[in-house]
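Right, I'll just put the structure down here and ask away after.
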Amino acid sequence: MESLSLKKDFPVFDQNDIAYLDTAATSLTPRSVIGKLTDYYNNYSANVHRGVYRLSHEATELYNATREATARFINAEFEEIVFTRGASSALNLVAFGYGLSNLNPGDEIIISELEHHSNFLPWQQVAKKTGAKVVYVPLSEEGRIEVEAFASVLNENTKIVALTHVSNVMGYITPIKAITELAHSQNAVVCVDAAQSAPHLQIDVKEIDCDFLAFSSHKMLGPKGLGVLYGKKKRLENMEPVEYGGDMVETASKDGSTWQAPPLKFETGTPPIASVVAFFEALRYLQNIGFVALKEHEQRLKKYVLDAFSNIESVKVYNPTSETGMVTFNIEGVHPHDVVTVLDEDNIALRAGHHCAQPLMQWLGVVATLRASFYVYNTLEDCDRLIESVKKAVTFFKEAGL
Amino acid sequence: MESLSLKKDFPVFDQNDIAYLDTAATSLTPRSVIGKLTDYYNNYSANVHRGVYRLSHEATELYNATREATARFINAEFEEIVFTRGASSALNLVAFGYGLSNLNPGDEIIISELEHHSNFLPWQQVAKKTGAKVVYVPLSEEGRIEVEAFASVLNENTKIVALTHVSNVMGYITPIKAITELAHSQNAVVCVDAAQSAPHLQIDVKEIDCDFLAFSSHKMLGPKGLGVLYGKKKRLENMEPVEYGGDMVETASKDGSTWQAPPLKFETGTPPIASVVAFFEALRYLQNIGFVALKEHEQRLKKYVLDAFSNIESVKVYNPTSETGMVTFNIEGVHPHDVVTVLDEDNIALRAGHHCAQPLMQWLGVVATLRASFYVYNTLEDCDRLIESVKKAVTFFKEAGL
Amino acid sequence: MNRLENLYRKIIMDHYKNPRNKGLTDDTRYKQEHIKNPSCGDDVTIQSFVEDGVVKDIRHDGSGCSICCSSASVLSVLLKDRPVKEALAFSENYTKMIANQPYDETLEFEDALAYQGVRKFPARTKCATIAWKAFESTVKVEDNDE
Amino acid sequence: MNRLENLYRKIIMDHYKNPRNKGLTDDTRYKQEHIKNPSCGDDVTIQSFVEDGVVKDIRHDGSGCSICCSSASVLSVLLKDRPVKEALAFSENYTKMIANQPYDETLEFEDALAYQGVRKFPARTKCATIAWKAFESTVKVEDNDE
Ligand SMILES: Cc1ncc(COP(=O)(O)O)c(C=O)c1O
Ligand SMILES: Cc1ncc(COP(=O)(O)O)c(C=O)c1O
């Protein structure tokens with residue numbers, strides 16, 4: 001992949017000489033996506049579903065085209081794609097739409113300490129409300145979810161398995177297909193948090209065979225404020241809505257109401273139409289690059305940084321073996337928040353914090369970490385800038401006595 | 001208000017010679033709002049809240065600036081403004097965050113047959129789940145919510161009053177301040193559906209004194225996919241979140257978790273940052289026009305259409321006395337869906353249907369209606385086009401034998 | 001003939017004003033399907049009675065626009081006494097025709113041909129096909145028994 | 001002095017490495033406030049003991065960056081033995097100074113002046129003020145008793 005030729009697709013770089021290494025939080029947005037957004041507002045701006053006039057009908061067609069493209073992107077069906085406000089909302093929808101009405105005291109929900117808060121707290125709450133129990137897959141020494149460890153906590157009480165596909169801190173890939181197969185052998189339902197995998201890996205829900213899968217548009221070049229919940233048709237049909245109102249209802253009357261079929265059943269109110277319409281271009285952009293080329297590119301950058309970091313004595317990397325483009329590290333003795341300010345002075349955008357993964361921070365025994373994540377627009381030059389700046393930070397804080 | 005000079009602010013008209021009369025469904029979007037959207041994506045695209053680097057910090061400042069502006073717009077405080085996916089989500093948040101945990105069997109929820117499905121179904125569900133009872137304010141002969149009728153159903157069992165501020169079909173203004181005062185005298189909590197009032201009337205939540213108030217960005221020139229829930233500080237503090245995950249949590253641990261203070265408590269996950277940032281411009285645009293001038297403008301258009309309609313024998317108007325810019329009507333003997341196709345041929349965008357208000361359709365005894373709604377960009381010429389086209393439809397279907 | 005006249009053909013308006021086979025029966029030998037089109041409130045119920053692989057009778061009821069209601073009436077006449085397979089093929093080809101997709105052009109659409117005008121009104125194709133969809137459900141054998 | 005050196009002044013790093021008055025007490029006469037900054041994980045607890053309108057002692061604990069932790073230490077030294085009113089005014093003016101808002105320029109900020117460098121780093125102003133906010137809560141009388 002010619003990295004430098006992609007950078008020009010992202011207008012943020014027109015204004016900012018920045019090394020943007022925070023894609024795991026949110027990605028930058030290519031011109032084509034922004035163009036589609038403005039195109040919708042400039043030419044339609046109309047509502048979907050209900051308008052019989054031309055503008056509204058055409059807006060509906062565009063909206064549905066993205067649903068179709070999203071389905072194809074993960075090898076699902078049109079009706080299996082629900083648009084939500086984000087991955088967080090999608091995961092909450094599974095927990096409260098499916099979990100709440102299907103869990104009983106004594107049932108078990110398997111999650112892990114790798115989970116993002118958005119795939120941890122909803123289950124913690126649902127467990128509290130239903131009397132079910134949250135069970136954690138013991139992580140490997142490296143911090144991975146492995147099949148054997150998963151098998152050791154799976155049993156006939158397991159009703160739901162909710163695991164991250166790629167950890168947003170460690171970047172490890174969960175062996176989710178094997179796990180799903182095992183889970184299904186105990187009739188447990190599998191919910192996959194794909195927020196960090198959908199942007200980087202080819203996903204095939206038919207192959208994984210998971211029941212639910214959630215991800216966010218804004219981490220994969222799409223607009224902010226949009227997420228996707230994939231659910232197997234049967235699952236969605238049997239799932240309760242969690243929001244009620246316009247568009248999700250079939251018959252509304254004082255005596256009782258009936259719902260639309262999925263996916264509309266789960267999309268009450270006027271949706272983020274423009275964002276949905278523009279997400280189409282994000283999917284297209286990614287597909288044009290191709291996940292094989294993308295992975296190779298990310299790996300190259302990651303390896304380059306890791307090699308350099310291994311020569312800086314006080315840099316500790318937490319995930320050297322990770323399969324995805326994410327380097328999580330600290331400068332020993334220096335709080336990551338202090339480090340990030342030094343990097344920011346060099347126009348390097350990097351995340352310092354707990355990355356919405358406090359249980360993992362507790363597991364790692366740190367308060368916070370730095371995390372550099374790579375994507376389509378990053379270059380070896382970005383890596384050089386990061387490496388130089390980290391070296392500078394090491395020297396600076398050593399001189400400051402830390 | 002110089003209507004013609006406003007039309008040029010809306011790029012939809014560059015491409016379409018359209019009389020857009022469907023603002024009650026969703027408004028068109030002015031250039032300044034679209035500009036701010038693209039500005040965010042072009043120059044930031046970064047996440048809010050958690051980034052310590054410059055882009056993210058500045059994005060957070062922009063995000064907060066809109067929260068502040070929204071608060072000022074309705075005379076609320078910064079912490080009292082929660083951003084949601086739309087008015088529907090905001091109303092569901094009140095029903096499930098506040099209602100579900102505060103209602104008991106025998107308690108009563110007062111709503112009305114004027115409610116949009118989004119302020120009806122959530123309460124119907126919450127009533128079902130809690131054993132509370134939904135009570136309807138008897139509508140006046142015209143279909144209005146009046147104070148005396150409200151008083152007749154209010155009693156010491158009333159725990160929640162959830163009413164529309166302006167009906168999305170009739171356009172009537174509910175005397176919400178007097179109702180709130182009465183409701184509070186019985187310690188009932190008042191939730192106002194302001195989806196159709198916030199775009200057209202000056203709202204002062206301190207004056208109304210309601211506990212909750214919900215509206216949508218996309219009906220008031222702002223981006224799609226964004227809503228606002230105002231809640232009195234104390235109410236929000238005592239309210240349960242309905243979605244759990246990143247950004248809403250303070251401490252997340254296996255043993256239990258604590259939440260952020262409002263409003264973050266209710267905004268899990270990456271929010272629709274670009275839409276929030278751009279909503280600022282919508283508020284500014286409306287404030288520049290001013291609600292007095294806007295109302296006058298809308299009234300003028302409405303009266304003009306009403307006068308003309310009163311001379312077309314087979315046109316039946318359902319809301320001749322409404323105080324806002326909305327004309328709801330039918331051509332007798334012709335299904336509105338058929339009428340709307342004739343209008344569409346003349347490039348008039350109008351809504352035909354039940355307007356997500358099936359209980360009201362039942363009350364009116366019709367299956368559906370047409371609805372023309374006026375806003376800043378409409379002109380007398382739009383009205384002329386509507387009138388002519390309706391006449392044409394009358395003739396056409398008469399000739400067709402209806 | 002202008003676009004509107006081409007949409008609202010005489011035959012359509014006639015079936016709208018004078019629907020044939022309207023009104024539902026309690027006869028339990030009829031299979032029933034109710035479809036509601038949320039986008040406009042069209043609401044159609046179709047009942048069909050199949051015996052020996054032949055559609056013996058079709059009833060309908062509901063409320064909706066002229067395109068929707070008339071097409072229920074039209075199909076109740078056209079598909080009656082046809083073998084199920086043939087009726088289904090008719091219905092499916094009709095739907096494709098309306099959606100501007102390739103269809104069996106050798107087929108005699110008879111009165112249903114009047115709905116060709118709908119093809120120019122994509123916002124109305126649903127109206128013209130919803131009753132047919134409902135009909136299809138009433139005669140399709142449940143092959144999905146998972 | 002470059003921007004970074006101006007931010008990470010010696011005095012700040014000294015308080016970070018050698019915090020004064022660190023560690024909490026069980027003494028119930030102390031009022032306590034715990035604040036967490038979710039954006040970065042800074043976590044500060046301040047305890048203060050007020051007697052006769054005077055801040056007699058301040059304790060602190062927590063984890064966070066150098067700016068945050070050091071400022072807890074600095075304030076515990078600076079505000080001790082001041083009348084509550086004066087301590088509050090100090091704290092409020094300090095916060096304004098950091099936020100680039102008008103403040104009482106006649107005030108002697110002493111060691112707290114070292115934090116002026118933060119003004120050039122808007123993303124870090126929270127770090128420099130969070131401990132002070134916590135302190136304010138510990139000495140403010142609850143005037144909100146609705
Ligand atoms: C009165 C009223 N309430 C609620 C809503 C729901 O708003 P949204 O679709 O933005 O969620 C609408 C809009 O259709 C409305 O008119
Ligand atoms: C693994 C994982 N899950 C869930 C989320 C939540 O996504 P969003 O913030 O878009 O709701 C994120 C993003 O922070 C994530 O990295």
Side-chain angles (χ1 to χ4, degrees), chain A residues 11-12 15 22 25-26 28-29 34 37-38 41-43 45-47 50-55 85-89 92 116-118 120-122 124-125 216 218 223-225 243-246 249 252-254 257 268-275 337 340 344 349-353 356 358-359, chain B residues 11-12 15 22 25-26 28-29 34 37-38 41-43 45-47 50-55 85-89 92 116-118 120-122 124-125 216 218 223-225 243-246 249 252-254 257 268-275 337 340 344 349-353 356 358-359:
Chain A
V12 165
Q15 313 292 331
D22 198 18
T26 196
L28 300 177
T29 322
I34 306 173
L37 261 177
T38 49
Y41 281 113
N42 284 342
N43 298 315
S45 239
N47 216 327
R50 284 167 292 168
V52 189
Y53 53 87
R54 190 179 53 80
L55 280 192
R85 202 169 53 89
S88 300
S89 282
N92 274 275
H116 187 279
H117 291 162
S118 296
F120 160 51
L121 299 173
Q124 192 178 53
Q125 284 299 310
S216 283
H218 70 91
K224 319 294 173 191
E243 290 193 330
Y244 301 81
V249 74
S253 93
K254 284 187 186 183
S257 307
T268 191
T270 304
I273 310 171
S275 299
H337 210 160
V340 96
D344 191 26
L350 199 71
R351 180 58 50 105
C356 293
Q358 291 181 29
Chain B
V12 165
Q15 313 293 329
D22 198 19
T26 197
L28 301 177
T29 322
I34 306 172
L37 261 177
T38 48
Y41 281 114
N42 283 342
N43 298 315
S45 240
N47 215 327
R50 285 167 293 169
V52 189
Y53 53 86
R54 189 179 52 80
L55 281 193
R85 202 169 54 88
S88 300
S89 282
N92 274 277
H116 186 279
H117 291 162
S118 297
F120 162 51
L121 298 173
Q124 192 178 51
Q125 283 301 308
S216 283
H218 71 91
K224 319 293 174 195
E243 290 192 331
Y244 302 81
V249 72
S253 92
K254 285 187 184 182
S257 307
T268 191
T270 304
I273 309 170
S275 299
H337 210 161
V340 95
D344 191 28
L350 199 72
R351 180 59 48 107
C356 292
Q358 292 182 29

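Order of the sequence lines sets the chain letters (A, B, ...), proteins ahead of strands, with each chain counted from 1. Below, each value reflects all heavy atoms present in this structure, side chains not excepted, and no hydrogens, waters or symmetry copies.
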Which portion of A:V12 sits near chain B, non-hydrogen atoms under 4.5 angstrom:
both
Just verifying a value: how many Å separate B:L121 CG and A:T268 OG1, rounded to the nearest 0.5 Å?
7.5 Å
Among A:P122, A:P223, A:G86, A:G245, which residue forms the greatest number of heavy-atom pairs with chain B at distances under 4.5 Å?
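The residue among A:P122, A:P223, A:G86, A:G245 with the greatest pair count is A:G245.
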Contact class of A:E243 relative to chain B, heavy atoms under 4.5 angstrom:
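Both backbone and side chain of A:E243 come within 4.5 Å of chain B.
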Under the side chain to side chain contact (heavy atoms under 4.5 Å, CB included) rule, collect the residues that match up with B:A349, sequence neighbours excluded.
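Only A:Y53, B:I18, B:Y20 meet the side chain to side chain contact (heavy atoms under 4.5 Å, CB included) criterion with B:A349.
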Best-contacting candidate, B:K254, B:R54, B:H218, B:H116, against chain A by heavy atom pairs under 4.5 angstrom
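Greatest number of close heavy-atom pairs with chain A: B:K254.
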Give the member of B:N42, B:N47, B:T270 that has the highest number of heavy-atom pairs under 4.5 Å with chain A.
B:N42
Indicate yes or no for a side-chain donor-acceptor contact from B:R85 to the backbone of A:G225 under 3.5 Å, with no hydrogens or angles considered.
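Not at all, since once roles are kept as given, no pair shorter than 3.5 Å links the two residues.
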Heavy-atom pair count under 4.5 Å with chain B, highest-scoring of A:P359, A:A87, A:S257:
A:S257
So which of B:C356, B:A46, B:S216 has the biggest tally of heavy-atom pairs under 4.5 Å with chain A?
B:C356
Excluding sequence neighbours, so at least two apart, what forms ring pair (Phe, Tyr, Trp, His ring centres under 6.0 Å) with B:H117?
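Result, ring pair (Phe, Tyr, Trp, His ring centres under 6.0 Å) vs B:H117: B:H354.
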Given 3.5 Å as the limit, does a donor-acceptor pair link the side chain of A:Q358 with the main chain of B:A252, or not?
yes
So, taking the atom named OH in A:Y41 and the one named OG1 in B:T29, what distance separates them when rounded to the nearest 0.5 Å?
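It comes to 6.0 Å.
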Are any side-chain N or O atoms of B:Q124 and backbone N or O atoms of A:S253, one a donor and one an acceptor, separated by less than 3.5 Å?
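Checking the backbone N and O of A:S253 against the side chain of B:Q124, a donor-acceptor pair under 3.5 Å is found.
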B:G269, B:S118, B:A274, B:S275: which one forms the most heavy-atom pairs within less than 4.5 Å of chain A?
B:S118
Rounded distance [0.5 Å steps], NZ in A:K224 versus OG in B:S45:
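One gets 4.0 Å once the value is rounded to the nearest 0.5 Å.
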Heavy-atom distances under 4.5 Å only: say whether B:F120 touches chain A with side chain, backbone, both or neither.
side chain
Counting only non-hydrogen atoms closer than 4.5 Å, does A:L55 touch chain B with its backbone (N, CA, C, O), its side chain (CB onward), both, or neither?
side chain
